[in-house]
Structures are given as C-alpha cells and as structure tokens.
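Accompanying notes for the structure given below.
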Amino acid sequence: MASTSAWRAPGVILFSAAIILALNMGVRQTFGLFMDPVTTAFDMSRSNFALSVAVQNLLWGLLTPFFGAIADRYGTGRVLVVGALIYALGLVTMALGESAGTFYLGSGLMIGIAVSACGFPMVLAAVARYSPPEKRALALGLSSAGGSAGQFVLLPGSQIMIQEIGWTTTLLVLAAACLLIIPLARALKGKPETPKAGGLSIGEALAEAGRHRGYLLANVGFFVCGFHVAFIATHLPAYIVSCNLSPFVGATALGVVGFFNIIGGVMAGVLGQRFQRKNLLTLIYLARAIVIAAFLLGPKTEIAVWLFSGAFGLLWLSTVPLTSGLVGILFGPRYMATFVGIVMLSHQVGAFFGAWLGGLSWDMTNSYDSVWIISVLLGLLAAACNWPIKEEPAPMAAEGAA
C-alpha cells in the first residue's frame, strides 16, 4: 500500500483531484442526454424533467456550504467518500425506478446531495491547502480542467451507450464509475490547520463576508455562471435537435464544450498567476454574452454548433478556479471550502433557474429563444459586477493572517 507521503506528492494530488471532478461533473453533465428517453418512458413533459434537474442544482447549492464546513472541520476525505456512495446509489435509483417519482428521488434529491459533497469547493480547497501560494492558481486551474475532461469523455461515450445498451444500463455503468472516487479521496484527505489564538472564528469570518462588497458581487457573477451552465448542459442537445440536426450532434457538442474547457481551465490557472482574477472574470462573462448572441442570431448548422461549442467551452468553467482563487485572496485558506461553498450556492440558484426556465420556455412557446436572450443580458450583468471588485484581503481576514 502506498505511503501517506506518496499520496501527498503534488502530481498525485492533482491527478486525484482532476479525476474526482471529472467523474462528478462529467456524470451530471450527461443528464441532458437522458431527456428524450426518460420523458418517453415515464410520459413526462420536458419542463418536469428539467424541474428535477433544477431541484438537483438547487439542493447542490444549498448543501455545499454545509459540506464545506464539515470538510473544514473533519476533513475532506470523509466527505468525498460519502458523496461518492450517495452518487452511485442515486444513479442506481434513477435506473431501476419504475415511476417518475422514483426517478425524481434519484436525479433530484440523491444526486443533488452527492454532487454537493464531492464538488469543486471540497476538491479545490484541498488542492489549495497542499499547493504553495506561488503555484496555487495554476494548481486550481489544472484540477478544474478535470471536470472538463470528464465532460469531454463521458458525454459522447454516454450517448453511444444509450443507443447501444439503453439508458438504464448506461446509468448503472456511470454508477460504477462514481465509486472510483472512494480510493482517490485518500490523496485529498485532511483539513486546514487550526488557527492560532486570535484567529478568526467561523462566525466572525461569515459576518465579514456578509459585509464585503466584493464577495457579494462575486456571488452575483457566479449566479450567472450557474444559469448559463445549467441551461446549456440541460437543453443544448434538445435545442440542436429542434434545429433539425441529429441527436449525436447535440451530444458531441457538449463533448466539444468539455474538450475546450480543458484548455480554458488551464489558461485560467496560468493567467490567474499574472493578472487580477476579477479582470479575467469580467472578460469571460462579457465574452459569454457575445458568443451566445452570435449563436442565437446566426445560422444553425453543424459548423455553427461546433464554433459555438468550442468558443463557449473556453469560457465554460474557467470561472471556477478564478472565482475560487479570488475568494482565497479575500478570506484566506482557513475557511475556503465554506466560503467557496457559499459562492457555489449562488451558482446553483442560478443553475436552478437556468435548467427550469429552459424547460418552461419550451413547453409554453415551443422555443428556447427567450432564455437565450436572458442569458445574454445576464452575461453583461456578471461582467459589470466583477469589474469593480477590489482584489485584496478583507480587513478582518488580514488581521487574522497577521
């Protein structure tokens, strides 16, 4: 058995973090592929399917600060193991359930709990804890790219499995894959050091965060990120089919998003070491608004889909290492999982509305255009919110660090 020091090697930590995020984010990004077979099997509307995904996203956000606080207090490894077990059980419930209600239980409640327990805040806080400050931004970017790699591999792969072995068996295969998180959690186990006398308590840090203008603005920006990601991940395949293109184009489009997000995540980590994170976030959200508007107004061809997928992929989750790094600058590493978890709550509230409004728009108007327009406007709002943030430690955080 490998020694503890071997598990603490930087390469092992980054590899384990990337694979955990690849499984966590990659599996849940496949849910849009199951919309057509599941709605047909259970005779449900798209809005009802989307509502289950929206509830999952909302629950993910609500529980993430809770699991972040547990990870800060009792260790990351335990939380990741619990999340992996619930993830696998939720996917099995989705596959073997015989009613829409059972599917909602698995996809909404259980997966919502699971992704919150083994998501970005827990993983990136552990990576930040074991990374030297001068390399932290790059380490966060490389780890975040793992989520994109999972999306790139699992989306086309899942589409092929759905066609060849059926959607229920595909869910069982994904459940087995999620169990790989359990051994990898060992590399990320541990918790932040207990602060010295005079350090900030969690209550004092939370009070500081609630008054911090930059932190509140970052929460608004991440709300928009969640709206964009959930809407596109849930409804892009169906939107592409509605434009008279094949379902495989929709599945591979999300795979292309994942591939280019690998590049975007690494670029965010590299650029985050050289430029202010808030400026990079401003440019990312502005670029999102432009790319979405161009896709909405342009012709719907396979080439247009690939161009949109590649461009948006560069911007997809590049916000995560930058926002996580920004929170680390504002409040330090002691309660990073908790504070990134709170930002993730804002992200997932946005995700709830992005997933749900997409389905509601289709059922009411037989079109997604209104939600695409909302996405453009929200991108401009997020850019405006990130620009004025001051990238410096909060006063009480600076005192605690001193």
Side-chain angles (χ1 to χ4, degrees), residues 28-62 94 97 99-112 115-116 155 167 220-245 247 250-251 253-254 257 285 288-289 291-293 295-297 300 305 308 312 316 344-382:
R28 86 150 297 281
Q29 295 289 3
T30 66
F31 280 22
L33 305 180
F34 294 91
M35 180 180 290
D36 284 340
V38 169
T39 53
T40 301
F42 295 124
D43 193 25
M44 69 172 73
S45 66
R46 285 191 183 183
S47 60
N48 284 336
F49 179 93
L51 183 60
S52 74
V53 177
V55 169
Q56 172 203 117
N57 280 290
L58 184 60
L59 192 60
W60 175 6
L62 290 172
M94 292 167 61
S99 67
T102 308
F103 183 86
Y104 292 152
L105 174 64
S107 64
L109 177 63
M110 299 177 74
I111 301 299
V115 293
S116 63
L155 276 160
W167 67 271
V220 175
F222 223 38
F223 170 94
V224 174
C225 180
F227 187 99
H228 286 164
V229 168
F231 169 61
I232 291 173
T234 306
H235 297 286
L236 182 62
Y239 176 73
I240 289 173
V241 171
S242 73
C243 296
N244 299 316
L245 297 172
L254 288 179
V257 170
Y285 287 118
R288 281 189 180 193
V291 169
I292 292 172
F295 182 56
L296 178 61
L297 297 174
K300 303 304 182 292
V305 170
F308 169 77
F312 206 86
W316 183 252
M344 185 60 70
L345 169 58
S346 179
H347 184 281
Q348 293 313 117
V349 172
F352 172 89
F353 287 105
W356 177 55
L357 288 179
L360 187 64
S361 173
W362 178 266
D363 285 348
M364 294 181 65
T365 67
N366 207 39
S367 170
Y368 289 111
D369 287 355
S370 60
V371 187
W372 285 116
I373 294 171
I374 292 172
S375 297
V376 173
L377 297 176
L378 286 176
L380 297 175
L381 172 65

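All heavy atoms count here, side chains included; hydrogens, waters and symmetry mates do not. Nothing fancy with the numbering, it's 1 onward along the sequence.
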Start with the C-alpha gap between Trp372 and Ile292, add the side-chain angles, then the distance that decides, and say whether side-chain contact (heavy atoms from CB on, under 4.5 Å) holds. CA-CA 7 Å; Trp372 285 116; Ile292 292 172; 3.5 Å; yes
Can you tell me if [X] uses its side chain to pair, donor with acceptor, with the backbone of [Y] under 3.5 Å?
X: Ser361; Y: Leu357; answer: no
X: Ser52; Y: Phe49; answer: yes
X: Lys300; Y: Val305; answer: no

Candidate pair Tyr239 and Trp362, rule ring-ring contact (aromatic ring centres under 6.0 Å, His included), full reasoning: CA-CA 9 Å; Tyr239 176 73; Trp362 178 266; 8.5 Å; no
Do Leu51 and Tyr104 touch side chain to side chain, with heavy atoms closer than 4.5 Å?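 They are not in side-chain contact.
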Any non-hydrogen side-chain atom of Ser116 less than 4.5 Å from a side-chain atom of Met344?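 A side-chain contact under 4.5 Å is absent here.
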Write down the atom of [X], the atom of [Y], and the distance for their closest heavy-atom approach.
X: Val220; Y: Ser346; value: N-OG, 4.3 Å
X: Asp36; Y: Thr40; value: O-OG1, 2.8 Å
X: Gly379; Y: Val224; value: N-CG1, 3.9 Å
X: Gly108; Y: Leu59; value: O-CD2, 4.0 Å
X: Ile232; Y: Phe308; value: CD1-CZ, 4.0 Å
X: Met35; Y: Ala238; value: SD-CB, 4.2 Å

Does the side-chain contact (heavy atoms from CB on, under 4.5 Å) test come out yes or no for Met94 and Phe34, once each step is laid out? CA-CA 11 Å; Met94 292 167 61; Phe34 294 91; 5.9 Å; no
Could you walk me through whether Ile374 and Phe231 pass the side-chain contact (heavy atoms from CB on, under 4.5 Å) test, one step at a time? CA-CA 11 Å; Ile374 292 172; Phe231 169 61; over 6 Å; no
Hey, is CG on Asn366 packed in by over 12 heavy atoms from elsewhere, all under 6.0 Å?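 Yes, enclosed.
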Look at the aromatic rings of Phe312 and Trp316 and report parallel, tilted or perpendicular, splitting at 30° and 60°.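 Answer is perpendicular, since the angle exceeds 60°.
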Any chance you could lay out the side-chain contact (heavy atoms from CB on, under 4.5 Å) test for Val371 and His235, step after step, and finish with the verdict? CA-CA 11 Å; Val371 187; His235 297 286; over 6 Å; no
Reported CD1-to-CG distance for the pair Ile373 and Leu378, which is rounded to 0.5 angstrom: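 So the CD1 of Ile373 and the CG of Leu378 are separated by 12.0 Å.
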